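All figures in this text were calculated on a predicted structure; none of them were measured in a lab.
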Amino acid sequence: MKKNTIIVLITVLLISTACQQNVVLHNKDFLAMSTVVTYQVYSDENLDVDTIIEESIIGTEKLMSRTDQSSEIYNINKLAGTGEKVYISDDVKKIIEVSLYHQKISGNAFRITIYPLVILWDIMNPDAPIPTQSKIEEAITLSRVSNLEYNENEGYVKMQDKGSGIDLGGIAKGYAVDKAVEKLKENDVKHGFISIGGGIQTFGGKPDGAPWVLGLQNPTTPQRGHFATYKLMEGAVVTSGDYQRRKIEGGVVYHHIIDPLSGYPVQEGLASVTIFADHSTDADAYSTAVYVMGFEKGLEFINEKTDVEAMFVFHDKSVYLTAGLKDKVEIVDTEFYLNENR
Ligand code: ADP
Ligand code: MG
């Protein structure tokens, strides 16, 4: 993807320049996981922050991409239906386990066995036709969660039917960022943020003790920049929406988040949902799950959780915030308005 086609969904505003002695700002962006990674990290000048971050993120991509022929996930999908067991690395085990957890608690709205439907829709390919109903039904059947067998004790994965497979696109970016932050913290790094696509993880606030100030992107007219701000010291903020990877045919928007029950990209859904959680792996999975569930079910789901908050943005530019975000998310674009009465 060309850099100028990429929209950074969350910007960080009002960057502080205050630094302790020997602590320098490492500030860079690069392309990975089909999007742009941006970071600002304050650390000892001798620490090779760039390599730590790049290795964590590009390393995760190498293991978890469904298109990279050297990835473990590619291999699992290729061997689907052959009866072969694919033994997986600890990193892939971890992400499969956390994904299966999110699959379960979301009632399979978030499901990594969505692969056949993702392949069928091929949303980023402008030449891919809208699939026929019979193809969609076939792919719905192949996307059933029982197609995935994970043996925790022996550490292997086996996909039952030929054509079934795993797609970690709804969680891998969050996992990659958590991994990078974990490595930075192991190296005694105290302050920073890493953003990737529509997600960000901040830690330790700014070196001068102030919180990071995030700009939350306008999901209905993305080119207008951010429509709201949010301050936080440490935590993850991840957005899913219909405005990113999409195509329009016959006036209908087809995008990259698929409702596993209908087999279609979620229709007439939210403009976006933004999840606020401690860790970006969870926030990423929740954002995809809640986008699939839609407002009512998604709100009920989030309200059952402590430590997770959500901002729902509708196409009419109304915004609904869960209780923990009230007075914390500040709407700065007057086209948007809070509607508490949904
Ligand atoms: P983004 O990739 O833009 O950050 P999401 O985190 O919401 O957005 O992930 C969307 C990706 O997740 C899709 O591109 C696809 O790879 C995968 N996906 C699509 N539908 C589902 C679903 N119902 N459950 C899990 N993953 C999904
Ligand atoms: Mg996600």
Side-chain angles (χ1 to χ4, degrees), residues 8-29 36-45 47 49 52-53 56-57 98 173-217 225-240 272-287 290 302-303 305-311 313 319 321-332:
V8 181
L9 301 177
I10 295 180
T11 46
V12 178
L13 313 172
L14 311 171
I15 300 305
S16 164
T17 51
C19 271
Q20 295 153 254
Q21 229 177 359
N22 296 331
V23 170
V24 295
L25 170 63
H26 303 259
N27 181 8
K28 203 169 148 184
D29 46 55
V36 67
V37 179
T38 305
Y39 58 86
Q40 292 200 357
V41 167
Y42 291 87
S43 82
D44 186 283
E45 58 189 333
L47 186 68
V49 164
I52 292 176
I53 295 178
S56 302
I57 290 178
V98 71
K173 291 196 282 291
Y175 182 87
V177 167
D178 274 340
K179 189 153 177 88
V181 170
E182 192 185 304
K183 283 263 175 310
L184 291 171
K185 287 186 170 177
E186 279 169 17
N187 283 282
D188 216 25
V189 179
K190 301 275 192 277
H191 311 278
F193 73 82
I194 303 177
S195 87
I196 181 165
I200 192 165
Q201 176 87 40
T202 71
F203 59 100
K206 296 185 197 169
D208 63 2
W212 297 103
V213 184
L214 310 187
L216 306 174
Q217 193 179 19
H226 66 276
F227 80 99
T229 59
Y230 181 75
K231 291 184 187 146
L232 89 165
M233 298 296 284
E234 176 133 355
V237 179
V238 178
T239 298
S240 287
S272 67
V273 61
T274 301
I275 301 292
F276 301 71
D278 290 341
H279 300 289
S280 63
T281 308
D282 294 323
D284 198 355
Y286 281 132
S287 77
V290 172
I302 292 299
N303 278 341
K305 323 241 159 323
T306 48
D307 301 340
V308 185
E309 304 292 336
M311 173 179 79
V313 183
V319 179
L321 302 172
T322 54
L325 296 176
K326 307 247 158 85
D327 305 322
K328 291 191 176 167
V329 168
E330 192 183 337
I331 295 177
V332 295

Compare every heavy atom of [Y] with every heavy atom of [X], then report the nearest pair and how far apart it is.
X      : Y      : result
Ser43  : Val189 : CB-CG2, 3.8 Å
Ala310 : Val273 : CB-CG2, 4.4 Å
Val332 : Ala228 : CG2-N, 3.9 Å

Do [X] and [Y] come close enough that some side-chain heavy atom pair is under 4.5 Å?
X      : Y      : result
Leu47  : Ile52  : yes
Phe276 : Leu232 : no
Thr322 : Val308 : no
Ile194 : Leu184 : yes
Met311 : Tyr230 : no
Thr202 : Val237 : no
Trp212 : Ile200 : no

Separation between [atom1] of [X] and [atom2] of [Y], rounded to the nearest 0.5 Å:
X      : Y      : atom1 : atom2 : value
Leu321 : Lys326 : CG    : NZ    : 6.5 Å
His226 : Glu330 : NE2   : CD    : 9.5 Å
Ser240 : Asp284 : OG    : CG    : 6.5 Å
Asp282 : Asp178 : CG    : CG    : 7.5 Å
Phe193 : Lys206 : CZ    : NZ    : 9.5 Å
Thr274 : Leu216 : OG1   : CG    : 6.0 Å

Distance-only, no hydrogens or angles: does the [X] side chain make a donor-acceptor pair with backbone N or O of [Y] under 3.5 Å?
X      : Y      : value
Glu309 : Gly324 : yes
Glu234 : Gly204 : yes
Asp208 : Ala210 : yes

Answer yes or no: does atom NZ of Lys328 have more than 12 heavy-atom neighbours from other residues, nucleotides or ligands under 6.0 Å?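 Atom NZ in Lys328 is not crowded, with 12 or fewer foreign heavy atoms closer than 6.0 Å.
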
